[in-house]
Amino acid sequence: MRLYFTIHGMEFKAIYDIRDKVKLIIKEKGIKYTELRPKIPFLEKMLNVIVTKRNGERQYGYGLCGGLCRWGTTEKIATINKYLKKQYGKNGYRVYVGIAADEKRRFKTDITKCYPLRFWGMTEQECLEYCYNYGFEWRENGIRLYDIFDRASCWCCGNKNKRELDNMLTYLPNYYLDYIRLLKRIKESNKKNSIVVKKAKEQFIKLF
């Protein structure tokens with residue numbers, strides 16, 4: 001058995017703190033650890049990669065990751081799938097995926113994927129409480145991230161709602177300022193009527 005951790009480098013620090021804690025536990029149990037990163041760095045793909053639209057128009061970067069364009073998530077999944085196929089063959093492995101029983105829309109029919117939380121009937125809330133009971137709280141600046149965010153992974157997620165962004169300003173202002181800087185860079189690099197700029201503007205409006 002081996003634990004795979006795929007990252008972009010844009011996750012909250014608390015994610016890496018949890019990673020380091022888990023690495024110590026699995027080492028004691030003899031479970032190996034492998035860390036993977038997508039080939040193209042996250043910021044490069046978000047801001048600089050040239051994308052040619054169907055109408056011939058050029059777009060700089062894929063913009064915010066979120067909504068119907070979750071390119072960051074797609075990159076992570078593609079990275080680990082490519083690695084596993086190379087190591088073990090097309091169907092020569094099984095991946096245990098941490099999707100809760102009440103996230104039915106996320107389940108996929110794939111012989112390489114197993115969903116133990118669904119088998120055990122554990123909901124998202126039950127999984128979170130279980131983690132809290134064992135000391136995994138995703139804390140940063142003394143705040144549990146799941147108390148102020150719906151999801152706690154990448155701080156620059158384009159799916160963040162106004163409540164989450166307001167909480168980011170209140171409890172994690174450094175991320176808030178970095179978020180604003182990213183939105184500005186997306187707007188400055190592309191045409192005003194482009195999709196990536198429209199998405200950036202939508203998030204920018206939520207900030208104030």
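All values below come from the heavy atoms of this structure, side chains included, with hydrogens, waters and symmetry mates left out.
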Completion exercise
On a heavy-atom basis, the closest approach of Lys160 and Cys154 is NZ-O, 3.1 Å

Practice task
Can you see which heavy atom on Ile186 is nearest to which on Val196, and at what distance?
Solution key: CG2-O, 3.7 Å

Handout entry: Ionic contact status for Arg70 with Glu75, cut-off 4.0 Å
Key = no

Exercise for the section: Could you tell me how the ring of Phe5 sits relative to the ring of Tyr33: parallel (under 30°), tilted (30 to 60°) or perpendicular (over 60°)? Expected result: tilted

Problem - Shortest non-hydrogen contact from Leu145 toward Ala152 - result: CB-CB, 3.8 Å

Exercise for the section: Take atom NZ of Lys191 as the centre, draw a 6.0 Å sphere, and report whether it contains more than 12 heavy atoms from other residues, nucleotides or ligands. Expected result: no

Exercise for the section: Following the transitive rule for hydrophobic clusters with a side-chain heavy-atom cut-off under 4.5 Å over Ile, Leu, Val, Met, Phe, Trp and Tyr, establish whether Tyr175 and Tyr16 coincide in one cluster. Expected result: yes

Practice task
Report whether Ile15 and Tyr134 are members of the same hydrophobic cluster (ILVMFWY, side-chain heavy atoms less than 4.5 Å apart, transitive linking).
Solution key: yes

Handout entry: Note: Asp166-Lys206 ion pair, threshold 4.0 Å (strictly below)
Key = no

Problem - Asp17/Lys13 salt bridge by N-O under 4.0 Å criterion - result: yes

Exercise for the section: List the steps, then state whether ring-ring contact (aromatic ring centres under 6.0 Å, His included) holds for Trp120 with Tyr130. Expected result: CA-CA 13 Å; Trp120 296 326; Tyr130 181 91; 8.7 Å; no

Problem - Common cluster, Ile77/Met46, ILVMFWY with side-chain heavy-atom separation under 4.5 Å - result: no

Taking only distance into account, with no hydrogens and no angle test, what donor-acceptor pairs under 3.5 Å do side-chain atoms of residues 84-101 form with protein atoms, sequence neighbours excluded?
| unit_1 | atom_1 | unit_2 | atom_2 | d |
| --- | --- | --- | --- | --- |
| Tyr88 | OH | Tyr4 | OH | 3.0 |
| Arg94 | NE | Ile111 | O | 3.1 |
| Arg94 | NH1 | Asn91 | O | 3.3 |

Practice task
Flag the pair Tyr83 / Thr34 as yes when at least one side-chain heavy-atom distance between them is below 4.5 Å, and no otherwise.
Solution key: yes

Problem - Closest non-hydrogen atom pair, Ile26 against Lys32 - result: CD1-O, 4.2 Å

Problem - Partner of Phe12 under ring pair (Phe, Tyr, Trp, His ring centres under 6.0 Å), chosen from Tyr146, Phe149, Trp138 - result: Phe149

Exercise for the section: Give a yes or no answer on whether the side chain of Glu126 reaches the backbone of Thr123 with a donor-acceptor pair at less than 3.5 Å. Expected result: yes

Exercise for the section: Could you check if a side-chain atom of Met168 sits within less than 4.5 angstrom of a side-chain atom of Glu164, using non-hydrogen atoms only? Expected result: no

Fill in the blank from the handout: On a heavy-atom basis, the closest approach of Ala14 and Glu140 is N-OE1, 2.9 Å

Exercise for the section: Establish whether Leu36 and Leu3 are linked, either directly or via other cluster members, by ILVMFWY side-chain heavy-atom contacts under 4.5 Å. Expected result: no

Would you tabulate the side-chain donor-acceptor contacts of residues 176-185 under 3.5 Å, counting partners in other chains and residues two or more places apart, or write 'none'?
| unit_1 | atom_1 | unit_2 | atom_2 | d |
| --- | --- | --- | --- | --- |
| Tyr176 | OH | Leu207 | O | 2.7 |
| Asp178 | OD1 | Arg181 | NH1 | 2.7 |
| Tyr179 | OH | Cys157 | O | 3.0 |
| Tyr179 | OH | Gln203 | NE2 | 2.9 |

I'd like a table of donor-acceptor pairs (distance under 3.5 Å, sequence neighbours excluded) in which one partner is a side-chain atom from residues 51-67, with atom names and distances.
| unit_1 | atom_1 | unit_2 | atom_2 | d |
| --- | --- | --- | --- | --- |
| Asn55 | OD1 | Glu57 | N | 2.9 |
| Gln59 | NE2 | Gly61 | O | 2.8 |

Practice task
Assess whether atom OH of Tyr115 is packed by more than 12 heavy atoms of other residues, nucleotides or ligands within 6.0 Å.
Solution key: yes

Exercise for the section: State plainly whether the residues Arg19 and Glu35 are in salt-bridge range, i.e. N to O under 4.0 Å. Expected result: yes

Practice task
Evaluate whether atom NZ of Lys27 has more than 12 neighbouring non-hydrogen atoms of other residues, nucleotides or ligands under 6.0 angstrom away.
Solution key: no

Handout entry: CD1/Ile195: more than 12 non-hydrogen atoms of other groups inside 6.0 Å
Key = no

Problem - Lys/Arg N to Asp/Glu carboxylate O, Glu11 vs Lys76, below 4.0 Å - result: yes

Fill in the blank from the handout: Pro38 and His8 have their tightest heavy-atom pair at CG-CE1, 3.4 Å

Problem - 4.5 Å side-chain heavy-atom contact, Asn159 and Arg151 - result: no

